[in-house]
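Quick notes on the structure that follows.
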Amino acid sequence: MSDRLDTPRTNRRRLFPRRRNKDAFGKAAEAIATFMGTPRFLLYMTLFCGTWLAWNSLAPESLQFDPRALNFTLLTLMLSLQASYAAPLILLAQDRQTDRDRVTAEQDRQRAERNLADTEFLAREMASLRLALNDVATRDFVRSELRSLLEELQAEREVHGLDEQPAGPGTEHRSESTYRGVSGTTPTDGGGESRT
């Protein structure tokens, strides 16, 4: 009986369940390939092959499982099998490293673009600040302007014959006596005149 198209297909049990983490195999392959490129792996492999060859060469013939007379056929098959699995694992690890390098290069490019944009923005801000500071009066400019203004005021007083009188308690007395001598009157609190 064929399935109808208008009804959903029921979930079937799979012999091998679908992997939840698709990257788990890649990580495992990369870990194996990384281990195979370490001195520890070379040491372990050398010890394994040396022990294998020594056992099958020096042990009694009844205990040898890969005799020398057959040119260590089993060891050759094992090393060939290892090489046939090691090559794809190394290629897979290289592909993953290439993907990581591509992502890192893209992130570096984006970071460089942001840094360039920030640098251009800061350069524009510095230029605008430099232009704005050209219009700002500096301390020396203000001092020179005040000094020239003071010189102009002193020159104008000398031209009109006005001398500065020191301010003090005697100044009011002199001005009052001068005022009396001229008009014969003294100011009162009410603003009127009183004759002496």
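As a basis for the values below, the full set of heavy atoms in this structure was taken, side chains included, without hydrogen atoms, waters or symmetry mates.
- Side-chain contact check for Arg68 versus Asn56: every heavy-atom pair is 4.5 Å or farther apart.
- Separating the CG atom in Leu149 from the OG atom in Ser144 is a distance of 11.0 Å, to the nearest 0.5 Å.
- For Glu113, the CD atom sits in a packed shell: over 12 heavy atoms of surrounding residues, nucleotides or ligands are nearer than 6.0 Å.
- Residue-environment remark: CZ (Arg40) stays at or below the threshold of 12 foreign heavy atoms within 6.0 Å.
- Checked by atom type, the side-chain pair Gln154/Arg157 shows no donor-acceptor distance below 3.5 Å.
- Atom CD of Glu125 and atom CG of Leu129 lie 6.5 Å apart (nearest 0.5 Å).
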Subject >> salt bridge (charged side-chain N to carboxylate O under 4.0 Å, His left out) assessment of Asp99 paired with Arg96 >> reply: CA-CA 5 Å; Asp99 294 339; Arg96 285 172 53 83; over 6 Å; no
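- Placement of Tyr44 and Met78 within a single hydrophobic cluster is found when ILVMFWY residues are connected by side-chain heavy-atom separations under 4.5 Å, directly or transitively.
- Cluster partners of Val142, using a side-chain heavy-atom cutoff of under 4.5 Å among ILVMFWY residues and allowing indirect links, are Leu146.
- The neighbour count for Phe35 CZ, taken as heavy atoms of other residues, nucleotides or ligands under 6.0 Å away, is above 12.
- Around atom CZ of Arg109, more than 12 heavy atoms belonging to other residues, nucleotides or ligands sit under 6.0 Å away.
- Leu75 and Phe48 make their closest contact through CD1-CE2, 4.3 Å (heavy atoms, listed as atom of the first residue, atom of the second, distance).
- Both Leu53 and Phe65 are members of a single hydrophobic cluster when ILVMFWY side chains are connected at heavy-atom separations under 4.5 Å.
- When all heavy atoms are compared, the tightest approach of Thr76 to Asn71 is OG1-O, 4.0 Å.
- Ala33 and Leu89 get closest at one heavy-atom pair: CB-O, 3.9 Å.
- No continuous path of hydrophobic side-chain contacts links Phe41 to Ile90 [ILVMFWY only; heavy atoms under 4.5 Å].
- The side-chain heavy atoms of Arg124 and Glu120, taken from C-beta on, include a pair separated by under 4.5 Å.
- Between the side chain of Trp55 and the backbone N or O of Leu63, at least one donor-acceptor pair lies under 3.5 Å.
- Under the 4.5 Å side-chain heavy-atom criterion for ILVMFWY residues, no single connected hydrophobic cluster contains both Tyr85 and Leu92.
- Between the CG atom in Leu70 and the CD atom in Gln64 there is a gap of 10.0 Å [rounded to 0.5 Å].
- In the displayed structure, Phe141 atom CZ is contacted under 6.0 Å by at most 12 heavy atoms of other residues, nucleotides or ligands.
- At a threshold of 4.5 Å between non-hydrogen side-chain atoms, the residues Met36 and Met45 do not count as touching.
- In the hydrophobic clustering of ILVMFWY residues, with side-chain heavy atoms under 4.5 Å counting as a link, Leu116 and Met126 come out apart.
- Separation of atoms CD (Glu30) and CG (Asp95) is listed at 10.5 Å; rounding is to 0.5 Å.
- Minimum interatomic distance between Thr46 and Leu42 (heavy atoms only, all atoms of both residues): OG1-O, 2.7 Å.
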Original post:
Can you check side chain to side chain contact (heavy atoms under 4.5 Å, CB included) on Glu106 and Arg102, steps first, answer last?
Top reply: CA-CA 6 Å; Glu106 180 66 22; Arg102 189 181 302 113; 5.9 Å; no
